[in-house]
Asker: 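Here it is, the structure, as structure tokens.
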Amino acid sequence: QVQLVESGGGLVQAGGSLRLSCAASGRTFYSYVMGWFRQAPGKEREFAAAINWSSSNTYYADSVLGRFTISRDNAKNTVYLQMNSLKPEDTAVYYCAARFRGGVSTTPLEYDYWGQGTQVAVSA
């Protein structure tokens with residue numbers, strides 16, 4: 001069992017930055033693919049970024065490519081999402097997720113564990 005707890009959300013002006021963190025329990029964190037997803041009101045949950053266990057492979061949605069950076073520290077059981085040049089359309093609840101088997105994936109159904117989410121609001 002893995003428990004995920006996100007933090008770092010908040011209200012920021014357009015063009016600003018936020019850094020989200022996701023702390024994971026469990027001794028095998030290093031073996032999980034980790035992903036960040038987001039869900040805006042009235043919309044489906046969508047993929048933002050993912051990273052494999054060794055950080056050798058990262059993948060981003062086109063909408064965040066060049067602005068967001070995913071990283072992980074396996075010694076701290078933590079994955080991060082650095083978000084720069086934020087736009088109002090980035091406003092959403094951001095969730096981290098862990099995938100036990102398989103590679104980097106953009107599909108929410110392929111992730112096994114989810115955090116409770118952290119709210120990000122970007123004002124114009």
Side-chain angles (χ1 to χ4, degrees):
Q1 189 74 10
V2 174
Q3 291 186 328
L4 305 173
V5 179
E6 301 97 334
S7 62
L11 175 64
V12 64
Q13 289 188 332
S17 298
L18 283 174
R19 188 194 196 200
L20 305 184
S21 299
C22 174
S25 65
R27 292 179 292 176
T28 59
F29 169 79
Y30 64 88
S31 65
Y32 286 80
V33 167
M34 299 299 297
W36 284 97
F37 292 78
R38 64 187 185 182
Q39 188 166 17
K43 295 187 177 181
E44 293 186 355
R45 191 167 298 189
E46 66 174 12
F47 170 77
I51 188 168
N52 72 338
W53 70 273
S54 65
S55 303
S56 62
N57 186 18
T58 57
Y59 192 74
Y60 297 91
D62 288 344
S63 58
V64 308
L65 185 64
R67 300 187 299 121
F68 291 9
T69 302
I70 189 171
S71 62
R72 66 191 294 165
D73 185 337
N74 288 340
K76 296 182 178 179
N77 280 14
T78 302
V79 62
Y80 305 96
L81 187 68
Q82 177 66 43
M83 305 186 296
N84 299 328
S85 302
L86 282 161
K87 305 174 181 180
E89 51 264 44
D90 294 319
T91 295
V93 177
Y94 282 71
Y95 299 89
C96 75
R99 186 183 190 201
F100 184 55
R101 287 189 175 91
V104 167
S105 172
T106 65
T107 306
L109 289 177
E110 293 185 347
Y111 285 77
D112 303 291
Y113 304 102
W114 291 83
Q116 82 291 347
T118 185
Q119 176 72 53
V120 171
V122 184
S123 62

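Keep in mind that this is a model prediction, so the values were computed, not measured. We use all heavy atoms of the structure for the numbers below, so side chains are in, but hydrogens, waters and symmetry mates are not.
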Asker: Could you check whether any side-chain N or O of Ser105 sits under 3.5 Å from a backbone N or O of Thr107, counting only pairs where one atom can act as donor and the other as acceptor?
Answerer: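 Yes, the answer is positive, given that a donor and an acceptor are paired below the 3.5 Å cut-off.
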
Asker: Which residue is it: Val33, Ile51, Asn52? I am looking for the one with a side chain to side chain contact (heavy atoms under 4.5 Å, CB included) to Arg72.
Answerer: Ile51

Asker: With no hydrogens and no angle check, is any side-chain donor or acceptor of Tyr60 less than 3.5 Å from a backbone partner on Ile70?
Answerer: yes

Asker: Within the 4.5 Å heavy-atom criterion, are Phe68 and Leu86 side-chain neighbours or not?
Answerer: yes

Asker: Taking all non-hydrogen atoms of both residues into account, name the closest pair between Ala40 and Thr91 and its distance.
Answerer: CB-O, 3.7 Å

Asker: Is there a donor-acceptor contact under 3.5 Å from the side chain of Thr78 to the main chain of Lys76?
Answerer: yes

Asker: Which heavy atom of Ala14 sits nearest to which heavy atom of Pro88, and what is that distance?
Answerer: CB-CD, 4.1 Å

Asker: Has Gln13 got more than 12 heavy atoms of other residues, nucleotides or ligands less than 6.0 Å from its CD?
Answerer: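 Count not over threshold, so no.
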
Asker: Would a hydrophobic clustering, with Ile, Leu, Val, Met, Phe, Trp and Tyr connected at side-chain separations under 4.5 Å, put Tyr59 with Val79?
Answerer: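 Tyr59 and Val79: separate clusters.
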
Asker: Is the shortest side-chain heavy-atom distance between Leu20 and Val120 below 4.5 Å?
Answerer: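 In short, these two side chains touch, coming nearer than 4.5 Å.
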
Asker: For Ser54, is there any backbone N or O sitting under 3.5 Å from a side-chain donor or acceptor partner on Asn74?
Answerer: no

Asker: Does Arg38 have any salt bridge (Lys or Arg N to Asp or Glu O under 4.0 Å) partners at least two apart in sequence or in another chain, and if so, which?
Answerer: Glu46, Asp90

Asker: Atom CG in Asp73, atom OH in Tyr80: separation rounded to 0.5 Å?
Answerer: 5.0 Å

Asker: Return yes when atom OH of Tyr113 has more than 12 non-hydrogen atoms of other residues, nucleotides or ligands closer than 6.0 Å, and no otherwise.
Answerer: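 Enclosed.
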
Asker: Mind checking the OG-CZ spacing from Ser7 to Arg19? Nearest 0.5 Å is all I need.
Answerer: 9.5 Å

Asker: Please find the pair of heavy atoms, one from Ser17 and one from Asn84, that lie closest to each other, and give the distance.
Answerer: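 Between these two residues, the closest heavy atoms are OG-OD1, 2.9 Å.
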
Asker: Judged by atom type as modelled, is there a donor-acceptor pair below 3.5 Å linking the side chain of Gln119 to the main-chain atoms of Ala92?
Answerer: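 It does hold such a pair.
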
Asker: Do Leu65 and Leu81 land in one hydrophobic cluster if side-chain heavy atoms of ILVMFWY residues count as linked below 4.5 Å?
Answerer: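 Leu65 clusters together with Leu81.
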
Asker: Working to the nearest 0.5 angstrom, can you tell me the gap between Gln39 CD and Glu44 CD?
Answerer: 8.5 Å

Asker: Kindly compute the distance separating CG (Leu4) from CD (Gln116), expressed to the nearest 0.5 Å.
Answerer: 9.0 Å

Asker: Using 30° and 60° as the class limits, which term best fits the ring planes of Trp114 and Tyr95: parallel, tilted or perpendicular?
Answerer: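 Answer is perpendicular, since the angle exceeds 60°.
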
Asker: To the nearest 0.5 Å, tell me how far Asp62 CG sits from Phe47 CZ.
Answerer: 10.0 Å

Asker: So, taking the atom named CE in Met34 and the one named OG1 in Thr58, what distance separates them when rounded to the nearest 0.5 Å?
Answerer: 14.5 Å

Asker: If you apply the rule side chain to side chain contact (heavy atoms under 4.5 Å, CB included), what do you find for Trp36 with Glu6, and how did you get there?
Answerer: CA-CA 10 Å; Trp36 284 97; Glu6 301 97 334; 3.9 Å; yes

Asker: Show, in sequence, the C-alpha distance, side-chain angles and deciding distance for Tyr32 and Phe100, and conclude whether the ring pair (Phe, Tyr, Trp, His ring centres under 6.0 Å) test is met.
Answerer: CA-CA 5 Å; Tyr32 286 80; Phe100 184 55; 5.4 Å; yes

Asker: Testing the basics here: between Tyr111 and Ala97, what is the closest heavy-atom pair and its distance to 0.1 Å?
Answerer: CD2-CB, 3.6 Å

Asker: State whether the side chain of Thr118 and the backbone N or O of Tyr94 hold a donor-acceptor pair below 3.5 Å, judged by distance alone.
Answerer: no

Asker: Verify the cluster assignment for Val12 and Val93: are they in a single hydrophobic cluster under the rule of side-chain heavy atoms below 4.5 Å apart?
Answerer: no

